[in-house]
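Worksheet: one structure, shown below.
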Amino acid sequence: MIEREIDIAGPDGRIPCFVVHPDEGGPFPLVLFIMDALGIREELRDMARRFASAGYYVLLPNMFHRDGGPCFDAGPLAEGKLDPRMMALNDALTMDMTVRDAGALLDFACADPVARFPGAVVGYCMGGRHAIAAAAAYADAFAALASLHGGRLVTTAPDSPHRRLANAAAEAYFGWSPDDPTAPADHMTEIEKALAARGLPYRLELHVGALHGFTFPERYCYHKRAAERVWARLFALFDRTLRKDKR
């Protein structure tokens with residue numbers, strides 16, 4: 001595998017990005033991996049490596065680059081204790097910022113002969129709503145969209161993530177956990193209405209027994225069975241939407 005830590009020129013400054021892909025056999029379909037609010041860490045890099053090991057070109061950008069991309073104390077966060085700085089950055093990152101960043105990231109990938117399109121955009125926790133924003137803004141680039149235990153997907157704002165789904169042309173997968181305070185049951189209902197209205201394939205899956213953040217192997221909330229089911233769903237989704245010309 002080939003790994004790089006690079007800075008990509010963005011409209012609001014340099015975007016630190018972890019890039020990983022197989023070392024031969026490309027070009028590879030793009031997977032834009034949108035982080036959660038805990039920020040870039042080895043746990044996420046390992047997840048990016050798992051995508052890449054299955055034959056994908058992965059971009060993992062630091063979405064907090066406007067604020068210097070701070071690192072948080074991993075110990076308390078792994079135990080579920082929130083850092084006020086983290087929540088402030090989560091609140092400050094808007095979907096329009098992500099759309100601007102995604103444009104620069106897509107330009108970078110387009111210029112790299114190792115990457116190919118269409119691609120996928122996958123967001124975890126905070127990243128779920130930002131993945132929706134990217135898929136809606138760049139519908140021609142993304143054939144697959146996934147949100148895992150995504151929070152704040154339904155709001156009263158005119159540009160709520162669930163309203164943006166109408167502009168996304170990607171097959172979608174949403175993985176939920178019961179009793180998630182950031183994604184109550186009525187949000188799932190609204191998301192399903194928005195997805196059904198598009199007339200495109202989608203899957204919403206409730207992972208019974210899992211908690212918010214259940215996909216992260218180094219956190220207190222990790223649920224191996226649910227997390228592995230998500231990996232299987234994602235790779236099946238990618239195979240259907242990103243590898244049609246390889247069959």
Is Arg243 positioned over the aromatic face of Tyr56, cation under 6.0 angstrom from the ring centre and no more than 45 degrees off axis? yes
- Item | Pair Arg203-Glu192, salt bridge (charged side-chain N to carboxylate O under 4.0 Å, His left out): steps then yes or no | CA-CA 9 Å; Arg203 181 191 292 269; Glu192 183 158 28; over 6 Å; no
Any side-chain to backbone donor/acceptor pair from Thr94 onto Met97? Under 3.5 Å, distance only.
yes
- Check the angle between the aromatic planes of Phe51 and Phe33 and answer parallel, tilted or perpendicular using the 30° and 60° thresholds. perpendicular
Between Tyr202 and Glu171, a side-chain donor and acceptor under 3.5 Å
no
For Gly209 and Pro178, the nearest pair of non-hydrogen atoms, with its separation, is N-CG, 4.2 Å
Report task. Before accepting this row, confirm whether a basic side-chain N of the pair Asp112/Arg4 lies closer than 4.0 Å to the acidic partner's carboxylate O. Result -> yes
Is it true that atom CG of Asp179 has more than 12 heavy atoms of other residues, nucleotides or ligands lying nearer than 6.0 Å? no
Between Arg164 and Val99, is any pair of side-chain heavy atoms under 4.5 Å apart? yes
- Given the side-chain rings of Phe214 and His223, with only the six-membered ring counted for Trp, is the space between their centroids under 6.0 Å? no
**Message:** Taking the basic N atoms (NZ, or NE/NH1/NH2) and the acidic carboxylate oxygens, is any pair closer than 4.0 Å for Asp36 and Arg41?
**Reply:** yes
Practice item. Compute the centroid of each ring, for His130 and then for Tyr124, and state whether the two points are separated by less than 6.0 Å. Key: no
- Any side-chain heavy atom of His21 sitting closer than 4.5 Å to one from Met1? no
- prompt: Below 4.0 angstrom, N of the basic side chain to O of the carboxylate: do Arg49 and Glu42 qualify?
  reply: yes
Using the rule given for ring-ring contact (aromatic ring centres under 6.0 Å, His included), can you reason through Phe174 versus His187, listing the C-alpha separation, both sets of side-chain angles and the distance that settles it, and then say yes or no?
CA-CA 12 Å; Phe174 284 72; His187 286 196; over 10 Å; no
Count the heavy atoms belonging to other residues, nucleotides or ligands that lie under 6.0 Å from CG of Asp23, then report whether that count exceeds 12.
yes
